[in-house]
Amino acid sequence: MFTVGCHLSFSKGFMGMAREALSLGGSGFQFFTGNPRGYAAKEWSAKDIESYNAFAAANGIGVIIAHAPYVYNLCAAKEEIRQLSFDAMKNDLRKLEAVENAVYNFHPGSHVGQGTETGVALIADALNRLEAGRYRTPVLLETMAGKGSEVGARFEELAAILARVEDNGHLGVCLDTCHVFDGGYDIVNDLNGVLAEFDKTVGLDRLKAIHLNDSKNPAGSHKDRHEKLGEGCIGLEPFRAIVNHPALRDLPFCLETPNEAEGYAKEIAVLRKMRAESGVRSAES
Ligand code: FE
Ligand code: FE
Ligand code: ZN
């Protein structure tokens, strides 16, 4: 099964997003668990979720990605921000208990001048207190571009966080193609090398989701500016290898490209074609 989709607005609820995903040719989607720039989040409709769970199973919707708002920062310098972020994450995981087949993705955080080591320690400390294993939804740290003081642009930083969390079986990683490219990993010329590096540091078994984005900037630029597939510095062809890679092909893929519905539908169709063509090729060989 090919789980592919794009980031959608939560405004019409889970059923609205599921229908929208299907109408775009998708089999999955991502959404923000709350206002991307705030901590306060509304409760979700139990009825909507109940309908969604049945609808998703009947219509072949795969793993969906609940994305934490950008403002959460588990390694903020201010204790108040760290606590707000922690409480909000716990609240998100509580709400997700009713949702089937989801993963929860968050940005590890920005150390805001405290240094990467302190950042790693604060994030791990919060994850220890979060006790992710008590919830059904796996919790994923996103690979970051390394913009500003972001933690998690190096695979070693993600590995260091995971190593410091006692009960880490429920933690994973979401790989963002724009972010890792901006972080200096050459997925264009050496995807296998990058994945081998990831395996050596973090472990490929931790990889649970992929964000598909081209980048407006060259490798190693640490800018985090997403681009439409094929219109940036990654280009279109590397995505063929990414969606067909044996280590990645069964993961949920989600577009976060600067697109409206029509553009997303086009990109999903391109990715589906890349998958189909690869199937034909391997059947022929
Ligand atoms: Fe993200
Ligand atoms: Fe992303
Ligand atoms: Zn980004």
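When a ligand or atom number is given, it counts from 1 through the structure's own listing order.
Aromatic rings from Phe253 and Phe2 are positioned such that their centres are separated by under 6.0 Å. In this structure, His211 has its ring center no closer than 6.0 Å to that of His226. Ring centroid separation for the pair Phe29 and His7 does not come in under the 6.0 Å cut-off. Aromatic ring centres of Tyr72 and Phe86: separated by at least 6.0 Å.
With respect to the Fe ion (ligand 2), Glu142 has OE2 as its nearest N, O or S atom. Within Asp224, the N/O/S atom positioned nearest the Zn ion (ligand 3) carries the name OD1. Looking at His226, its N, O or S atom nearest to the Zn ion (ligand 3) turns out to be NE2. Within Glu256, the N/O/S atom positioned nearest the Fe ion (ligand 2) carries the name OE1. The atom of Asp176 that is an N, O or S and sits closest to the Fe ion (ligand 2) is OD2.
Looking at every heavy atom in both residues, Val112 comes nearest to Ser149 through N-OG, 2.8 Å.
The Fe ion (ligand 2) lies under 2.8 Å from an N, O or S atom belonging to His211. For a distance bound of 2.8 Å, the N, O or S atoms of His67 include one lying that close to the Fe ion (ligand 1). The Fe ion (ligand 1) has an N, O or S atom of His107 under 2.8 Å away, backbone or side chain. Among the atoms of Cys178, no N, O or S atom falls under 2.8 Å of the Zn ion (ligand 3).
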Could you walk me through whether Thr257 and Asn259 pass side-chain hydrogen bond (donor to acceptor under 3.5 Å, both in side chains), step by step? CA-CA 6 Å; Thr257 45; Asn259 272 309; 2.8 Å; yes

Mind running ring-ring contact (aromatic ring centres under 6.0 Å, His included) on Phe198 and Tyr185 for me, showing each step along the way? CA-CA 10 Å; Phe198 185 91; Tyr185 293 102; 8.9 Å; no

